[in-house]
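Below, chain A is the first sequence line, B the second, and so on; all start at residue 1.
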Amino acid sequence: MQEKYQPADIELAAQARWQQTAAARAVEDLSRPKYYCLSMFPYPSGKLHMGHVRNYTIGDVLARFHRLRGYNVLQPMGWDAFGMPAENAAIQNNVPPAQWTYANIEYMKGQLQRLGFAIDWDREIATCKPDYYRWEQWLFTRLFEKGLIYKKLGTVNWDPIDQTVLANEQVIDGRGWRSGALIEKREIPMYYMKITAYADELLASLDDLPGWPEQVRLMQKNWIGKSTGVRFAFPYELDGKSDRLWVFTTRADTIMGVTFVAVAAEHPLATWAAARNPEIAAFVEECKKGGVAEADLATMEKKGIPTGIHVSHPLTGEQVEVWVGNYVLMGYGEGAVMAVPAHDERDFAFAKKYGLPIKQVIAVDGQEFSLDGWQEWYADKQNGVCVNSGKYDGLGYAAAIDAIAADLGARALGEKKVQFRLRDWGISRQRYWGCPIPIIHCADCGDVPVPDNQLPVVLPENVTIDGAGSPLAKMPEFFDTTCPKCGKPARRETDTMDTFVESSWYFLRYCCPDNAEAMVDERVQYWCKGGIDQYIGGIEHAILHLLYSRFFTKLMRDVGLIGDLGEPFANLLTQGMVVAPTFYREEENGKKQWINPADVNLETDERGRAVGATLAADGLPVVIGGTEKMSKSKNNGVDPQALIDRYGADTARLFIMFASPPDQSLEWSDAGVEGAFRFLKRVWKIVHDHVGAGIVPAFGAAQAGELTPALKAFRRQLHQTIGKVADDYGRRKQFNTAIAAVMELLNAYGKLDDASPVARAVRQEALEAVALLLWPIVPHIAEALYGELKPGCQVAAAGWPQVDETALTQDEIELMLQVNGKLRGSLRVAAGADRATIEAAALASEAAQKQLAGQAPKKLIVVPGRLVNIVA
RNA sequence: GCCGAGAUGGCGGAAUCGGUAGACGCAGCGGAUUCAAAAUCCGCCGUAGAAAUACGUGAGGGUUCGAGUCCCUCUCUCGGCACCA
């Protein structure tokens with residue numbers, strides 16, 4: 001055995017061995033339980049970042065652990081290969097997006113292999129390849145025919161200088177990121193997926209996902225936002241014609257307090273008013289400025305203008321003025337809202353700003369409303385009752401709504417309605433690098449889906465991109481076609497699909513990536529039965545990606561593709577971000593120049609506190625910024641490649657798993673990496689020393705009589721550790737504590753001072769177990785060590801070590817002794833001692849005598865196996 | 001603005017069901033080894049205090065024999081907000 005731990009040699013040898021033996025190949029096998037371990041596939045951005053390393057290490061640990069536990073494990077990998085960055089890179093470097101993407105995939109695949117992940121590369125998928133996206137197009141045509149995909153107007157960010165649609169990310173402070181132009185909202189026709197048709201099921205089946213974090217289920221529930229309210233109308237007359245202005249509210253109990261109505265700038269009433277009043281027209285124009293992101297709309301200053309149009313209150317007939325409000329969204333609900341300033345915080349602020357009437361119609365404990373400032377109780381549903389509301393006075397929230405809805409119904413002006421916050425999913429993108437939408441526009445036949453025998457609609461890969469609109473719309477060879485129905489000349493759709501579409505079903509395709517005849521086949525039934533066993537990815541995907549994937553699974557189920565599989569992911573682990581300290585220098589113009597942590601020396605005081613930092617290159621001070629998510633903009637990223645090159649994959653994997661639990665953010669620390677490397681060197685040395693003295697058969701039951709108390713205690717710790725690590729890997733998914741437990745075990749091993757044959761056998765037993773316990777996290781070194789301890793034996797064949805129950809028994813246990821809840825000592829009692837014995841021992845103890853000072857205790861609390869508390 | 005999380009020594013974190021706060025690691029300090037250094041090994045390491053002890057888990061209140069853990073109020077930080085992926 002090599003004396004020194006040399007990670008590079010061990011790791012490359014292990015990886016070559018795994019490749020030769022196809023160690024990670026997954027084959028359907030009904031004789032064993034399956035374990036489908038899925039990590040979110042990466043966008044091929046160039047090279048792996050620490051977040052990827054973390055994500056895939058977690059997946060690999062779970063995959064390998066289940067492998068040892070006897071499961072038939074599938075761990076696939078692929079590439080979420082369509083998307084905007086490829087187009088940006090194309091503009092910047094003049095490389096076609098396809099070429100850039102494929103080069104990145106090749107490089108990043110090499111990095112994943114160098115990290116030693118047990119991935120079945122035979123199932124690799126890249127979503128930008130026609131053999132993948134053709135099935136997406138095929139499904140699109142089916143859904144289009146079923147009416148689950150339809151066309152309507154949608155609002156986008158329009159850059160008037162570059163003459164192009166921008167993503168929300170490309171709009172910074174209301175301006176285009178490249179042109180600097182003020183962004184406008186523009187309505188264009190787009191295809192939508194009818195996710196709202198599945199809103200109820202998406203909500204209800206959240207309850208069938210006990211393996212998901214509660215916070216994710218809650219976020220999805222709130223996102224879907226099911227509410228029961230009342231949809232009702234304000235009748236009005238305009239240009240001599242009668243019409244109705246519809247609104248929706250969850251607070252119909254406050255309807256008697258309506259003092260105005262607000263409509264969106266795109267609402268027909270706003271358009272009518274704008275055509276007759278230049279001031280209103282100017283305001284409507286102003287509302288079109290700025291982007292469409294909801295966070296911006298929700299935080300901007302609320303503004304409005306009166307239209308002069310009045311509508312009738314549906315119950316009182318009172319005239320109520322219609323305002324145009326910049327905070328009312330045309331795409332949500334009816335594009336109009338009733339305003340009750342007394343009982344809605346936003347309406348309250350708006351009414352005060354414009355001097356509109358405020359009428360109290362709800363009171364809690366008879367309290368009078370005041371105009372000084374908003375009080376929480378003004379909107380209290382639980383305790384409020386109607387006042388100043390005529391026949392509704394005295395009614396509570398639910399009763400008032402029932403009565404009001406009934407009266408509205410009697411006049412045919414409204415009814416109760418279930419409403420969702422969830423909106424249909426707009427999937428059209430005016431971009432090149434995406435899956436072409438398989439529709440042909442015919443002047444006579446309308447929108448015609450591309451027939452199966454003409455699929456896939458292949459995206460041309462050799463294009464030049466100039467940043468002004470999609471190149472597809474400038475390529476007649478792409479869009480000139482004939483109508484599949486009537487044969488006349490027609491135009492092919494040039495929009496592509498949202499890349500969330502590709503990532504909504506890739507996990508099903510992994511089961512059968514080689515099927516050229518169908519989107520999916522029966523192998524999905526094997527691997528996905530009961531749901532994918534574990535899904536791992538960033539918490540930032542808690543809503544959109546995970547909701548769309550759930551939706552797609554239900555869609556595909558209803559198209560008859562995947563049996564009765566309704567939920568794709570049985571268990572979900574959302575990992576935290578990888579963060580690192582930031583450093584910067586302020587330039588003369590006030591701009592911050594960010595400096596990479598690798599180029600900075602930290603100065604600490606005698607206690608280790610950071611007191612300052614200098615740039616290594618010039619020795620001059622730099623400012624210590626906050627700890628933030630690793631990013632290009634803050635230049636605080638640590639390149640995993642440098643880490644692997646220096647310490648090897650095992651150290652990188654170990655540090656990342658040890659530094660924090662997977663669902664919390666992970667703070668990068670170079671010193672911590674050094675510590676992880678030191679631990680592996682120590683393990684290597686311990687095994688080296690043991691093997692050097694001669695390997696022996698592991699401890700067996702026949703030797704039980706020879707155990708000293710120290711060896712007995714050590715074996716107890718060993719078998720406790722085996723149990724704990726299994727629990728941490730399998731149930732808790734808390735890998736940092738599993739590693740800590742193994743560290744503790746090896747600390748105890750180091751304190752064993754015994755060279756007897758039985759001690760050697762116990763050491764052998766412990767080290768064999770340690771190699772297996774560590775294998776999921778650091779597979780390369782673990783296999784090398786196991787091979788030294790048991791020549792000719794394979795970790796994968798060994799399986800997870802057995803807990804020896806007899807090693808766990810104890811004759812005597814220690815209880816803590818509290819007086820008035822404060823720790824005052826401890827008691828040693830026989831393991832099976834009864835309550836009376838424990839109480840007597842507690843009262844007899846020195847600590848108890850001292851604290852009680854002769855007084856009788858008021859109460860004695862005994863928690864079996866844990867403590868005695870004497871209440872004096 | 002709305003929805004969801006989080007806050008524990010100098011640092012990352014542990015405490016799994018309300019029961020010994022600070023496991024494990026990093027940094028630091030002291031020692032051994034060394035011509036010396038690196039590496040390695042051993043010891044110390046929340047704050048105050050000589051000690052007994054007191055205080056201590058973002059802030060303020062509460063429940064309990066007992067609270068990092070449960071409840072209420074607040075502060076700050078982070079994730080998401082439908083075209084970043």
Side-chain angles (χ1 to χ4, degrees), chain A residues 40 42-43 45 80 83-85 154 156-157 165-171 213-216 218-219 221-223 225 291-300 302 327 345-346 422-423 425-426 428-431 498-500 503 538-545 547-548 574 576-577 579 604-610 626-629 655 658-661 663-676 678-679 681-682 685 724 727-728 731-732 734 736-737 739-744 747 750 814 816-823 826 858-861 863 866-867 869-872:
Chain A
M40 289 183 187
Y43 178 79
S45 54
D80 188 13
M84 236 173 30
V156 295
N157 302 305
V165 176
L166 296 184
N168 285 337
E169 190 194 46
Q170 299 171 307
V171 179
E214 183 57 38
Q215 55 160 314
V216 176
L218 191 56
M219 279 191 266
K221 180 175 182 253
N222 292 336
W223 183 265
V292 299
E294 207 210 271
D296 296 334
L297 295 171
T299 49
M300 72 186 176
K302 309 291 178 285
Y327 60 94
E345 191 169 5
R346 191 173 59 183
L422 183 69
R423 311 197 296 257
W425 173 15
S428 293
R429 297 292 179 270
Q430 298 67 48
R431 268 190 270 284
D498 181 359
T499 57
F500 271 124
S503 57
I539 182 69
E540 65 273 21
H541 295 290
I543 294 173
L544 293 179
H545 163 62
L547 188 65
Y548 291 149
T574 50
M577 295 172 310
V579 299
T604 54
D605 66 10
E606 74 284 355
R607 302 189 62 153
R609 270 181 284 235
T627 298
E628 301 192 45
K629 179 177 176 173
F655 170 70
F658 182 59
S660 65
D663 54 350
Q664 283 180 33
S665 60
L666 183 154
E667 189 166 324
W668 191 258
S669 149
D670 286 332
V673 174
E674 195 62 59
R678 198 178 301 157
F679 172 71
K681 283 195 287 187
R682 241 185 93 216
K685 184 173 184 298
K724 167 162 179 67
D727 188 45
D728 279 351
R731 179 182 64 92
R732 297 216 300 155
Q734 184 148 311
N736 54 332
T737 49
I739 295 164
V742 175
M743 287 174 168
E744 280 181 83
N747 288 345
E814 193 170 15
M816 63 167 153
L817 178 65
Q818 291 184 342
V819 178
N820 292 330
K822 290 197 172 171
L823 183 69
S826 65
K858 284 193 193 126
K859 202 168 163 188
L860 268 176
I861 290 157
V863 182
R866 276 207 176 265
L867 63 79
N869 188 14
I870 299 169
V871 184

When you measure from the side-chain N and O atoms of Arg429(A) to the phosphate of C83(B), is any distance below 4.0 Å, counting only OP1 and OP2? yes
Within less than 4.0 Å of OP1 or OP2 of G66(B), is there a side-chain N or O belonging to Asn820(A)? no
Between the base of U53(B) and the side chain of Lys822(A), is one N or O donor paired with an acceptor at under 3.5 angstrom? no
Taking only the P atom of each, what is the distance from C42(B) to G25(B) in whole angstrom? 11 Å
Considering only atom P, compute the distance from U47(B) to G61(B) and round it to an integer number of Å. 25 Å
If we take the C1' atom in both G31(B) and C45(B), what is their distance in whole Å? 15 Å
Is the shortest side-chain N/O distance from Arg678(A) to OP1 or OP2 of A27(B) below 4.0 Å? yes
For each nucleotide in nucleotides 3-9 of chain B, reading 5' to 3', give B when a protein heavy atom comes within less than 4.0 Å of its base, S when such contact involves only the sugar-phosphate, and - otherwise. SSS----
Using only atom types and a distance under 3.5 Å, with no angle test, would you say the side chain of Gln170(A) pairs donor to acceptor with the backbone of Ala167(A)? yes
Does Asn736(A) place a side-chain N or O at less than 4.0 Å from the phosphate oxygens OP1/OP2 of A14(B)? yes
Assess whether one donor atom and one acceptor atom, taken from the side chain of Gln170(A) and the base of C83(B), lie less than 3.5 Å apart. no
Quiz question: by atom type and distance under 3.5 Å, do the side chains of Asp728(A) and Thr737(A) form a donor-acceptor pair? yes
Would you call the rings of Phe655(A) and Trp668(A) parallel, tilted or perpendicular, taking 30° and 60° as the class edges? perpendicular
Donor-acceptor pair (no angle test) under 3.5 Å: Arg731(A) side chain, U16(B) base: yes
Does Ser660(A) place a side-chain N or O at less than 4.0 Å from the phosphate oxygens OP1/OP2 of G12(B)? no
Considering the options Asn820(A), Ile861(A), Leu817(A), which one meets the side-chain contact (heavy atoms from CB on, under 4.5 Å) requirement together with Ile870(A)? Leu817(A)
Classify His545(A) by what it touches in the nucleic acid, base, sugar-phosphate, or nothing, heavy-atom distance under 4.0 Å. nothing
Stems in RNA chain B: runs of 3 or more consecutive Watson-Crick or G-U pairs, distances under 3.5 Å? B:1-7 with B:75-81, B:10-12 with B:24-26, B:28-32 with B:40-44, B:46-48 with B:53-55, B:58-62 with B:70-74
